[in-house]
Amino acid sequence: MLRATDLTQSYGSEQVFRELSLEVDTGEVVAVIGPSGVGKSTLLRTLALALAPDDGTVTLDGTAAWAVDESERLSLRRRIGMVFQEANLFDASVARNVEYGLRVRRSWSDRLRTELHSILSSNGTADAVYESLEVVELADKADQQAGSLSGGEAQRVSFARALAYDPDVLLLDEPTSDLDPRNTAVIEDAIDAARDRGIGVVVATHDMHQAERVADRVAVLLGDTVTETAPTEVIFEDPSDARTRKFISGELVY
């Protein structure tokens, strides 16, 4: 569904990665592992169509994102959700934070229709908001102010916000790096729920144990490219690339 082919990305004269290829299909979880600072966040921003690659292509269902006009690219971008390492919630209720994703991802006509429904409905909140909050086990806190949440709960709200508008692809940038085991487990269960909905998920993580738990396939980002992509058990039990083997065994340290 979402495919990156021969991507090259730089910041000024500093090359982040080159000739990098990666794809995620419907209902598949792909983990991108690698040391901190190797370019995982930049890769996700490129996949989210927030950054134009220096070279290579990003396609969604066969449409090359940077070969179409801005209007069509915006339509493609609306089909991709992203959860960052920091929750970045608004000073509003939990439900309003989650609902925000529904608002900005829809066309103006859909937004107007949603607003009218909100005015006329009894609770004023879309069913999708509560459904996504149930996935992250926070439906009982829908009316609570976001500022009163713990850091782990705030990250779960951030995940619910991205899930509420039912994206085709969900990109997660180190979503549990600062979370305790309880909140980490909820996020990982939510990743499984997204997969069950047919959403393609890409998780960038330095936690190799997490990659083993949640991913169908794993891509190893080392140096300036992906050294190997394979089913999870292959990467962790019998990788074919020497650099991958050294990284997984802890011999290769960046």
Side-chain angles (χ1 to χ4, degrees), residues 1-30 32 39-86 88 90 97-118 126 128-129 132 158-173 175 194-195 197-204 219 221 224-226 229:
M1 180 180 290
L2 180 66
R3 175 176 294 175
T5 306
D6 295 331
L7 291 186
T8 295
Q9 190 65 273
S10 303
Y11 289 121
S13 60
E14 181 181 354
Q15 188 173 78
V16 181
F17 47 76
R18 62 177 178 81
E19 298 179 359
L20 184 156
S21 296
L22 183 73
E23 64 182 51
V24 59
D25 206 349
T26 301
E28 179 185 37
V29 178
V30 176
V32 179
K40 297 188 296 294
S41 295
T42 299
L43 172 58
L44 289 196
R45 292 183 66 203
T46 305
L47 293 177
L49 311 183
L51 285 177
D54 297 334
D55 199 8
T57 60
V58 180
T59 62
L60 183 59
D61 285 347
T63 300
W66 298 98
V68 297
D69 61 30
E70 179 59 30
S71 175
E72 189 170 353
R73 186 160 50 251
L74 178 60
S75 295
L76 295 175
R77 194 178 291 135
R78 283 175 172 153
R79 296 168 57 189
I80 302 171
M82 188 160 179
V83 177
F84 298 92
Q85 187 172 349
E86 300 294 331
N88 297 318
F90 300 107
N97 269 276
V98 175
E99 190 180 24
Y100 179 78
L102 289 169
R103 294 172 184 270
V104 299
R105 293 284 173 162
R106 290 173 172 170
S107 65
W108 285 110
S109 60
D110 285 341
R111 291 189 205 183
L112 178 59
R113 194 175 301 113
T114 299
E115 288 294 334
L116 290 174
H117 180 269
S118 177
V129 171
S132 61
S158 181
F159 191 105
R161 181 168 59 192
L163 190 64
Y165 54 83
D166 198 26
D168 292 331
V169 181
L170 187 56
L171 309 176
L172 310 177
D173 189 6
R195 176 204 279 126
R197 289 188 182 190
I199 298 171
V201 182
V202 180
V203 186
L221 181 56
D224 59 2
T225 195
V226 168
T229 303

pair [X]-[Y]: side-chain heavy atoms closer than 4.5 Å:
{"X": "L2", "Y": "L47", "value": "yes"}
{"X": "L43", "Y": "L20", "value": "yes"}
{"X": "L22", "Y": "V30", "value": "yes"}
{"X": "L172", "Y": "V202", "value": "no"}
{"X": "V129", "Y": "L102", "value": "yes"}
{"X": "V201", "Y": "V169", "value": "no"}
{"X": "P53", "Y": "T8", "value": "no"}
{"X": "L163", "Y": "I199", "value": "yes"}

To the nearest 0.5 angstrom, please state how far the CZ atom of R73 sits from the OG1 atom of T63.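 Result: 12.0 Å between the selected atoms.
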At what distance, to the nearest 0.5 angstrom, does CZ of R18 lie from CG of D224?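 Nearest 0.5 Å value for the CZ-CG distance: 4.5 Å.
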Side-chain H-bond candidate by donor/acceptor type, Q9 with T46, under 3.5 Å: yes
Side chains of D54 and S10, donor plus acceptor under 3.5 Å: yes
Taking all atoms of both residues into account, what is the closest heavy-atom pair of [X] and [Y], and its distance?
{"X": "A160", "Y": "V98", "answer": "O-CG1, 3.8 Å"}
{"X": "G39", "Y": "L221", "answer": "C-CD2, 3.9 Å"}
{"X": "T59", "Y": "G62", "answer": "CB-C, 4.1 Å"}
{"X": "G81", "Y": "P167", "answer": "N-CB, 3.8 Å"}
{"X": "A65", "Y": "L49", "answer": "CB-CD2, 3.5 Å"}
{"X": "A164", "Y": "A128", "answer": "O-CB, 3.5 Å"}

Decide if atom CD of E86 counts as having more than 12 heavy atoms of other residues, nucleotides or ligands within a radius under 6.0 Å.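 No - once you tally the heavy atoms of other residues, nucleotides and ligands closer than 6.0 Å, there are 12 at most.
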side-chain contact (heavy atoms from CB on, under 4.5 Å) between T42 and F17, worked out: CA-CA 9 Å; T42 299; F17 47 76; 3.9 Å; yes
Apply the test side-chain contact (heavy atoms from CB on, under 4.5 Å) to residues V226 and S21: give CA-CA distance (whole Å), side-chain angles for both, the deciding distance (0.1 Å), then the verdict. CA-CA 7 Å; V226 168; S21 296; over 6 Å; no
Treating [X] as the side-chain partner and [Y] as the backbone partner, does any N or O pair qualify as donor plus acceptor under 3.5 Å?
{"X": "R3", "Y": "E23", "value": "no"}
{"X": "N97", "Y": "F90", "value": "yes"}
{"X": "R161", "Y": "Y100", "value": "no"}
{"X": "R195", "Y": "E28", "value": "no"}

In sequence, state the C-alpha distance, the side-chain angles, and the governing distance for I80 and D168, and then conclude on side-chain contact (heavy atoms from CB on, under 4.5 Å). CA-CA 6 Å; I80 302 171; D168 292 331; over 6 Å; no
Do you know which of T225, D55, V58 makes side-chain contact (heavy atoms from CB on, under 4.5 Å) with L7?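 Testing L7 for a side-chain contact (heavy atoms from CB on, under 4.5 Å) against T225, D55, V58 leaves exactly one candidate, V58.
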Start with the C-alpha distance between S132 and Y165, add both sets of side-chain angles, then the distance that settles side-chain hydrogen bond (donor to acceptor under 3.5 Å, both in side chains), and finish with yes or no. CA-CA 9 Å; S132 61; Y165 54 83; over 6 Å; no
I would like to know whether V24 and M1 meet side-chain contact (heavy atoms from CB on, under 4.5 Å); could you show each step before the answer? CA-CA 6 Å; V24 59; M1 180 180 290; 5.8 Å; no
Pair E72 + R77, salt bridge at N-O below 4.0 Å: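 So E72 does not pair with R77 through a salt bridge.
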Strictly below 4.0 Å, N to O, side chains only: are R79 and D61 in salt-bridge contact?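 Counted as a salt bridge, because a side-chain N and a carboxylate O are separated by less than 4.0 Å.
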